[in-house]
There are 2 protein chains.
Amino acid sequence: MTTLSTKERILNSTENLIAEHGFAELSIRKISQQAHTNLAAINYHFGNKQQLIEHVLERRLNNLFQVREKMLHDLNQGNSAMACNLEQVLHAFIAPALYMINDRHQGGRVFMKVLARAYAEQSESLHHLLSTRYTPIIKEFAEAIHLACPELPRETIFWRFHFIIGALTYTMGDFGASSRAKQMPEHEYFNKSVEELIKFGVASLTADVNS
Amino acid sequence: MTTLSTKERILNSTENLIAEHGFAELSIRKISQQAHTNLAAINYHFGNKQQLIEHVLERRLNNLFQVREKMLHDLNQGNSAMACNLEQVLHAFIAPALYMINDRHQGGRVFMKVLARAYAEQSESLHHLLSTRYTPIIKEFAEAIHLACPELPRETIFWRFHFIIGALTYTMGDFGASSRAKQMPEHEYFNKSVEELIKFGVASLTADVNS
DNA sequence: TCGCAATTCAAACGATTGTTTTAATCGCTA
DNA sequence: TAGCGATTAAAACAATCGTTTGAATTGCGA
């Protein structure tokens with residue numbers, strides 16, 4: 001049970017507290033209390049509060065992006081001759097978030113709330129970290145979408161992919177609240193969300209384009 | 001110039017500070033400083049910090065919802081016999097936010113960032129305020145969409161409208177950052193956003209439905 | 001088992017937080 | 001203009017914040 005290192009316990013507690021109460025109420029005293037460690041341990045291991053938050057984001061963001069890129073890469077291998085299916089591309093982008101959330105022992109579900117909040121918080125450093133990390137992978141997926149839908153103007157792809165990411169981010173942050181409102185088990189609500197989100201993305205990208 | 005009442009200056013300053021630096025860095029000392037008033041004036045006029053934040057949200061939210069409902073109502077009057085156009089319905093939902101943002105003398109553009117952050121912050125009281133306010137108008141628009149697209153299952157409408165709201169919310173919060181990244185004037189970027197967002201919503205709702 | 005580095009701990013630092021108190025000032029009516 | 005309620009102002013309150021300090025403790029290689 002508590003075979004986790006102090007560093008890991010601090011990261012997990014930070015993640016939980018951000019997800020539950022947001023950045024505004026986050027304090028390193030609450031973190032150290034929930035992590036069953038000392039105040040100074042946080043500064044000892046992470047330097048300061050800001051760097052701790054960045055570690056929380058980086059830890060899982062790196063993993064999420066790697067999984068997404070691997071799934072997209074595998075897709076390209078399988079369909080080397082022809083452009084790959086649009087639904088598969090969107091699946092490669094959305095599903096890794098699903099896996100992350102369902103893998104409760106990794107605490108990914110909590111992290112997606114953190115991510116949604118980090119977006120909205122938009123403190124200069126956080127936003128810079130997120131945008132520099134996100135930009136390359138977004139370009140890769142936009143290119144894959146272009147191959148799947150060559151008739152779509154690149155600008156249209158840019159906008160609609162942007163909106164799909166928005167719908168995904170919003171849905172992630174909405175968790176708990178929406179599933180409670182619908183009196184549905186959270187994991188069931190999530191599976192439904194991803195399924196509907198992919199259909200939604202495909203629909204928005206394959207509809208007729210006429211101004 | 002400074003013909004505004006103390007109450008209004010406090011509300012405006014709060015709005016600006018949340019939009020610029022988020023809830024985490026918001027303090028009533030910064031608010032009173034920017035509003036050129038005294039610390040105690042905030043507690044005198046609004047009770048406490050939490051109630052002040054709620055006033056900031058309510059002030060413009062009420063106006064936004066009223067405009068949306070009026071536009072939807074006018075639409076129903078004009079097309080009483082037949083179901084009204086889907087694009088018009090989405091326009092009635094999205095455009096009021098546009099007007100709000102473009103009307104700089106009302107400071108609406110700033111408020112949309114506040115709204116996007118309030119969503120992500122998800123402190124119990126804020127989220128409760130937003131969801132209780134939002135639920136009725138969402139039901140109204142979902143019904144209008146149903147009339148415009150009677151062949152779409154109600155559940156599909158629910159999900160896709162939810163995603164469209166997500167894309168809208170995300171885009172609002174993204175402002176400034178994205179327009180700066182694209183080296184585009186903010187108002188131009190916004191007009192483009194709304195235009196693309198409506199096309200995006202129509203596309204996602206009118207595409208063929210096959211699981 | 002000794003010794004040293006890594007880690008944890010309690011305590012205090014200065015700064016800032018939201019709120020309250022008490023006095024001064026304003027604006028309007030009688 | 002006198003007086004009174006509404007508003008603003010300065011100051012202090014207790015609480016909490018992030019960070020630092022220096023000593024105590026741990027764990028592991030020699």
Side-chain angles (χ1 to χ4, degrees), chain A residues 1-59 114 117-118 121-126 128-129, chain B residues 1-59 114 117-118 121-126 128-129:
Chain A
M1 176 121 188
T2 1
T3 171
L4 295 172
S5 71
T6 303
K7 247 178 147 173
E8 287 171 316
R9 286 199 322 262
I10 291 174
L11 287 172
N12 290 340
S13 297
T14 307
E15 208 170 55
N16 283 323
L17 285 171
I18 295 174
E20 280 180 39
H21 303 112
F23 284 96
E25 298 180 20
L26 184 69
S27 78
I28 63 173
R29 278 180 170 81
K30 291 178 192 165
I31 294 170
S32 68
Q33 190 173 341
Q34 186 169 110
H36 297 99
T37 184
N38 191 270
L39 247 182
I42 292 178
N43 297 79
Y44 174 77
H45 285 288
F46 298 98
N48 58 31
K49 186 187 180 184
Q50 184 62 34
Q51 289 175 40
L52 165 61
I53 294 175
E54 289 172 10
H55 269 90
V56 169
L57 291 177
E58 297 238 25
R59 176 173 64 153
V114 174
R117 293 194 171 179
E121 190 59 27
Q122 217 157 313
S123 81
E124 287 74 27
S125 61
L126 273 195
H128 179 262
L129 185 152
Chain B
M1 176 117 189
T2 0
T3 172
L4 296 173
S5 71
T6 304
K7 246 178 148 174
E8 288 171 315
R9 276 182 292 132
I10 291 174
L11 287 172
N12 290 340
S13 297
T14 307
E15 207 170 55
N16 283 323
L17 286 171
I18 295 173
E20 279 180 41
H21 303 112
F23 285 96
E25 298 179 23
L26 184 69
S27 78
I28 63 172
R29 277 180 171 80
K30 291 178 191 166
I31 294 171
S32 68
Q33 191 174 341
Q34 187 171 109
H36 298 99
T37 184
N38 190 269
L39 247 184
I42 293 178
N43 297 80
Y44 174 77
H45 285 289
F46 299 98
N48 58 29
K49 186 186 179 185
Q50 184 62 35
Q51 290 176 41
L52 165 62
I53 294 174
E54 289 172 11
H55 269 89
V56 169
L57 291 177
E58 297 237 27
R59 176 174 63 153
V114 173
R117 293 195 171 178
E121 189 59 26
Q122 216 156 314
S123 81
E124 287 74 26
S125 61
L126 273 194
H128 178 264
L129 185 151

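Order of the sequence lines sets the chain letters (A, B, ...), proteins ahead of strands, with each chain counted from 1.
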Got a list of protein N/O to nucleotides 6-8 of chain D N/O distances below 3.5 Å?
from   : atom 1 : to       : atom 2 : distance (Å)
dT7(D) : OP2    : Tyr44(B) : OH     : 3.0
dT8(D) : OP1    : Thr6(B)  : OG1    : 2.2
dT8(D) : OP2    : His45(B) : NE2    : 2.7

Considering only nitrogen or oxygen atoms on both sides, find all protein atoms under 3.5 Å from nucleotides 26-28 of chain C and state each distance.
none

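Note on the helix from dT1(C)-dA30(D) to dA30(C)-dT1(D): angle between the axes of the first and last five pairs equals 0°, rounded to 10 degrees.
Rounded to an integer number of Å, the gap from Ile10(A) CD1 to dG18(D) P is 14 Å. Put simply, NZ on Lys49(B) is 8 Å from C1' on dT17(C), counting in whole angstrom units.
No side-chain heavy atom of Asn43(B) sits less than 4.5 Å from a side-chain heavy atom of Leu52(B). When side chains are defined from C-beta on, Asn12(B) counts as touching Arg59(B), because their heavy atoms get closer than 4.5 Å. Contact annotation: the side chain of Phe46(A) approaches that of Lys7(A) to within less than 4.5 Å [non-hydrogen atoms, C-beta and beyond].
Taking a 4.0 Å limit (strictly below) on heavy-atom distances, residues 26-33 of chain B reaches DNA chain D at Arg29(B).
Applying the side-chain hydrogen bond (donor to acceptor under 3.5 Å, both in side chains) criterion to Glu8(A), with sequence neighbours excluded, gives Ser5(A). Legend: residues meeting salt bridge (charged side-chain N to carboxylate O under 4.0 Å, His left out) with Glu58(B), ordered by chain and number and at least two apart, are Arg133(B).
Among the atoms of the strands shown, base atoms are found under 4.0 Å from some heavy atom of Leu39(A).
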